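If you're wondering where the values come from, they're calculated on a predicted model, not measured in any experiment. Lettering of chains follows the sequences in order, A, B, ..., and the numbering in each one begins at 1.
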Amino acid sequence: MEEKYNPEHIELYWQDAWNREKTFAVHENDGLKKYYLLEMFPYPSGRIHMGHVRNYTIGDVMARYLRMTGKNVLHPMGWDAFGMPAENAAISHKTHPKDWVENNIANMKSQLKRLGLSYDWDREVNTSVPSYYRWEQKFFIEMFKKGLAYRATSAVNWCPHCTTVLANEQVIDGKCWRCSSDVVIQEKEQWFLKITAYAEELLKDCDTLTGWPERVITMQKNWIGKSEGCEILFPLDGMDEQLRIFTTRPDTVYGITFMSIAPEHPLIGKMVTAEQRDAVRAFVDRIKKGGTKNREIEIGEKEGVFTGRYAISPFTGGKIPVFVANFVLMEYGTGAIMAVPAHDQRDFEFAKKYGLGIKVVIQPDGESLDPAAMQQAYEGTGRMVNSGEFTGTDSERGKKLVIEKVVREHKGISKINYKLRDWGISRQRYWGAPIPMVYCDTCGIQPVPEDRLPVELPMDVNITGEGESPLARHEKFVHTTCPVCHGSARRETDTMDTFMESSWYFEKYTSPAAKDSPFDQRALAYWMPVDQYIGGIEHAILHLLYARFITKVLRDLGYVQCSEPFLNLLTQGMVIKDGAKMSKSLGNIVDPENIIKQYGADTARLFILFAAPPEKDLEWSDKGVEGARRFLDRLWRLVYKYAGRVQGFSGGALPNEDEASLTIRRLTHKTIKRVTDDIKDRFHFNTCVSALMEMLNSLYEMDEKGVGETGLPAFREALDTVIILLNPFAPHITEQLNRELGNPPLTSAAWPAYNQAFIRNTSATIVVQVNGKLRGQVRVPEDSDERTVFEIASADEKIQSYVSGRPVKRLILVKNKLLNIVVGQ
RNA sequence: GCGAGGGUGGCGGAACUGGUAGACGCGCCAGACUUAGGAUCUGGUGGGCAACCGUAGGGGUUCAACUCCCCUCCCUCGCACCA
């Protein structure tokens, strides 16, 4: 055994062994309980960063631990390889995206291997190869045939910098999620996936995701944004048109004092009166100029202008002025609303500004609202007043009754609205999966027949980054024949949003080699769903929602059997340096490769696991890394010192034990319990590591006092135990030390069990309080009762000084822990 | 504004169902071994001379509160004119 711990040497050795022997390859096995452990796969940007290291280390600890508990663990890794950076690199470095991506993958793969991550690399998936995306194209066509994929013109978010369309989810505060340039609105024809058809199920099933963090569920629910209400038709005075509005508060219809419509509302031109035409046009132009983005960001003051037109209330027959208002969104509901200033804060502000009427129609219990005195709208429930036939009704009941009336009289319909929109997946980009559709002048839009899939992305393209997608300029790609009439036709030249690839990669991992169908059905059924998914919080909405959606679609297409892909979700915190997220612009990046070079992968892993619990942000500390390394050095030294002396003792049955051996065993089994409890379902890896540090400290203390011959078997057991317990955290050094002690490999070892009998003490240290204040400690036989402990405590001089001469009113004993003596004055 | 999660030593963080607050690590102080040490080892380290005081602040429940209840303040994240 080497005297000094040399991480590079032993890490490379074991990594090579795991590689050669495919130690972590798994197969379906009905005799074993499966566990599918998955970390979000990376975009192959070229190098791994600390965020990756953290994400994948957390996953690796769980994978290695679970294997030791006898689970059949699927732990795969792959590459989310389509996407824009490859194209950008192609432009700036004059390389082909394919080469760039492949280089990056090779590089990052070796970096991941250098971390000692226990993946089954035989299942590696690269989303940019035809054998992967051909199935995605098949799914798309199947969705098209079921009406779940359709083509439509719509206002899209256009990023002028990336020259592409963005999904709503990809627009953050009016800016592109990737490059942060201002997003502009453009009309474009593109392909949509009908995620709204699954809105209700996606929402409802949130309640089954009990293993997800609350806040992620909330974000998802929020995003789906369900609201129940009704649509009501309001005839327009002097016109043969009706204004359709959506409301969730039908109970307040008698309180309408005006109506508001969006500046983009199609009826504006028709309904505006001659006198108001100029004012309305000026207003609409001004609002539109700001663009949707400005209206969304700047939550400015509510503004509007009268159209000159009145609507007729189907309830009271009264005339209601119609305004164009900046705060009404065309994209939601019907683009028109009824305004009830007394019971809606936005309407209230608008009414105050333009001196419009405020009519109270809901009275809260025990209060009387006075329109003139109101400072804000009352949006709660109560009793309906001034509401014709509904007066006196409870407002919650009133909602239903008004809807019933509206429906009965054909003046509207009951309606549920969602904020969720269909998913626009067309991208005017080259480096993505081609959308497998063909345009024929005689036969219209046709899917590419299955036997002609995949529609391969051509490699001979000229990427400039300007104007149309390179595919649109690729004559040979564009020209094709119609699958129906065999006449000449054009191919779709848009590619799919890359979120499409990441919406089913976890399913592909179950049978990466399947050739004639996307999955091996048996493997898919065996492994799915993912038991534990680990990744960054930044994917709380986009990726996770799409993945849930596509999984439900694949279920309905007959592939997957489960409805939800991810049983448990862990969102790990960021890696922070000097109080800020590591980033190029701040210059506070720590390169994992340097850390590994300097300290070794085990040290890097150990520090990351020790410095903070997984879900919290982690503050990087160079000094902390040194501390982690010091611990491993200490472990190495202790094993080095004893390796020779303990040879020949097996860790099994121990001979008649003396007091010293019992003490060592108590420590060993207590630590097994602590580490097991913390790793099992709490994922508190930081406290696992500190328990192991404590144990090592204690072993050093024992060493200091001297371990006699009779203590060696127990000491041997202790060393074996530290090593095996530490293995998921620092796999290389432990594997090495384990071999030095002559044990079989840890990759096929079982997680140790603790024996309660060894943890038991013969005596206990009891903390003694007098009136709740800590006054001393006594040692008593284990499991002593109240009286016994009290008597022993009373003998203690210090405690006596607090108790003597005062009546003892009560004794409270927490077994083997604490005694509280309650005394009078 | 709404929703979620937080506020504990100089720092990262422990304390799982109320029971010794500050485990473990970093830093710092002192000492040992040393030509030297940024190596290693040993001891100390919340504040206060003390009684005592201390888990953002203030109330409460309890024999006992970081932990439970009420109020207030602050921080982080997400959503935000969604009718």
Between [N] and [X], is there an OP1 or OP2 to side-chain N/O distance shorter than 4.0 Å?
| X | N | result |
| --- | --- | --- |
| A:N686 | B:G12 | no |
| A:R215 | B:G78 | no |
| A:R682 | B:A15 | yes |

A:N686 side-chain N/O to A:L609 backbone N/O, donor-acceptor pair under 3.5 Å: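 Side chain of A:N686 to backbone of A:L609, a donor-acceptor pair under 3.5 Å: no, none is there.
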
Main-chain N/O of A:V823 paired with A:N771 side-chain donor or acceptor, under 3.5 Å: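 Side chain of A:N771 to backbone of A:V823: a pair is present.
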
Given RNA chain B, 5'-ward residue of the pair A:P613 and A:R637, judged by closest heavy atom: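 The residue whose closest nucleotide sits nearer the 5' end is A:P613.
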
Residue whose closest nucleotide on RNA chain B lies nearer the 5' end, A:T334 versus A:R674: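 The answer here is A:R674.
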
Salt bridge flag under 4.0 Å for residues [X] and [Y]:
| X | Y | answer |
| --- | --- | --- |
| A:R637 | A:D633 | no |
| A:R54 | A:D617 | no |
| A:E303 | A:R286 | yes |
| A:D251 | A:R249 | yes |

Using the [atom1] atoms only, state how far [M] lies from [N], rounded to an integer number of Å.
| N | M | atom1 | value |
| --- | --- | --- | --- |
| B:C70 | B:U20 | C1' | 29 Å |
| B:U72 | B:G31 | C1' | 49 Å |
| B:G43 | B:G48 | C1' | 23 Å |
| B:G78 | B:C28 | C1' | 40 Å |
| B:G12 | B:G58 | C1' | 30 Å |
| B:C81 | B:G54 | C1' | 47 Å |
| B:U55 | B:A65 | C1' | 11 Å |
| B:G9 | B:C53 | C1' | 15 Å |

Protein-nucleotide distance ([X], atom [atom1]; [N], atom [atom2]), rounded to Å:
| X | N | atom1 | atom2 | result |
| --- | --- | --- | --- | --- |
| A:D622 | B:G12 | CG | C1' | 13 Å |
| A:E701 | B:C41 | CD | P | 13 Å |
| A:L329 | B:C79 | CG | C1' | 14 Å |
| A:W223 | B:C77 | CH2 | P | 18 Å |
| A:F683 | B:A14 | CZ | P | 16 Å |
| A:Q220 | B:A4 | CD | C1' | 14 Å |
| A:L667 | B:A23 | CG | P | 18 Å |
| A:E349 | B:G1 | CD | P | 14 Å |

Dot-bracket pairing map - RNA chain B, Watson-Crick plus G-U, both contacts under 3.5 Å, | cross-strand: (((((((..(((......[....)))((((((.......))))))((....))..(((((..]....))))))))))))....

Pairs under 3.5 Å (N/O, protein and nucleotides 50-56 of chain B):
none

Base orientation of B:G9, syn vs anti, 90° cut from 0: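 Syn.
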
Pairs under 3.5 Å (N/O, protein and nucleotides 46-48 of chain B):
none

Trace of the ring-ring contact (aromatic ring centres under 6.0 Å, His included) decision for A:F350 with A:F323: CA-CA 10 Å; A:F350 195 85; A:F323 285 75; 5.6 Å; yes

Which atom of A:F258 lies closest to which atom of A:I320, heavy atoms considered: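 Of all heavy-atom pairs spanning A:F258 and A:I320, the closest is CA-CG2, 3.2 Å.
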
Touch class at under 4.0 angstrom, heavy-atom based, for A:D617 against every strand present: sugar-phosphate

Protein-nucleotides 19-21 of chain B N/O pairs closer than 3.5 Å?
{"from": "B:U20", "atom 1": "N3", "to": "A:Q777", "atom 2": "NE2", "distance (Å)": "3.4"}

Nearest-nucleotide pick for A:H684, side chain only, options being B:G12, B:A4, B:A15: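 The closest nucleotide is B:A15.
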
Pair A:E2-A:Y640, side chain to side chain donor-acceptor pair (under 3.5 Å): steps then yes or no: CA-CA 8 Å; A:E2 303 264 332; A:Y640 177 76; over 6 Å; no

Is it true that [Y] and [X] share a donor-acceptor pair across their side chains at a distance under 3.5 Å?
| X | Y | value |
| --- | --- | --- |
| A:Y65 | A:T676 | no |
| A:R629 | A:Y599 | no |
| A:D703 | A:Y642 | yes |
| A:T57 | A:R605 | no |
| A:R810 | A:N820 | no |
| A:N417 | A:S227 | no |

For A:T257, all residues meeting side chain to side chain contact (heavy atoms under 4.5 Å, CB included), sequence neighbours excluded: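 Result, side chain to side chain contact (heavy atoms under 4.5 Å, CB included) vs A:T257: A:P341, A:K359.
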
Nucleotide N/O to protein N/O under 3.5 Å, stretch nucleotides 25-28 of chain B:
{"from": "B:G25", "atom 1": "OP1", "to": "A:N697", "atom 2": "ND2", "distance (Å)": "3.1"}
{"from": "B:C26", "atom 1": "OP1", "to": "A:R630", "atom 2": "NE", "distance (Å)": "3.0"}
{"from": "B:C26", "atom 1": "OP1", "to": "A:R630", "atom 2": "NH2", "distance (Å)": "2.7"}

A:F631/A:F610 under ring-ring contact (aromatic ring centres under 6.0 Å, His included): CA gap, chis, key distance, verdict: CA-CA 11 Å; A:F631 168 69; A:F610 176 63; 8.5 Å; no

Non-hydrogen side-chain atoms of A:C206 and A:R548 separated by less than 4.5 Å: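 Yes, side chains in contact.
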
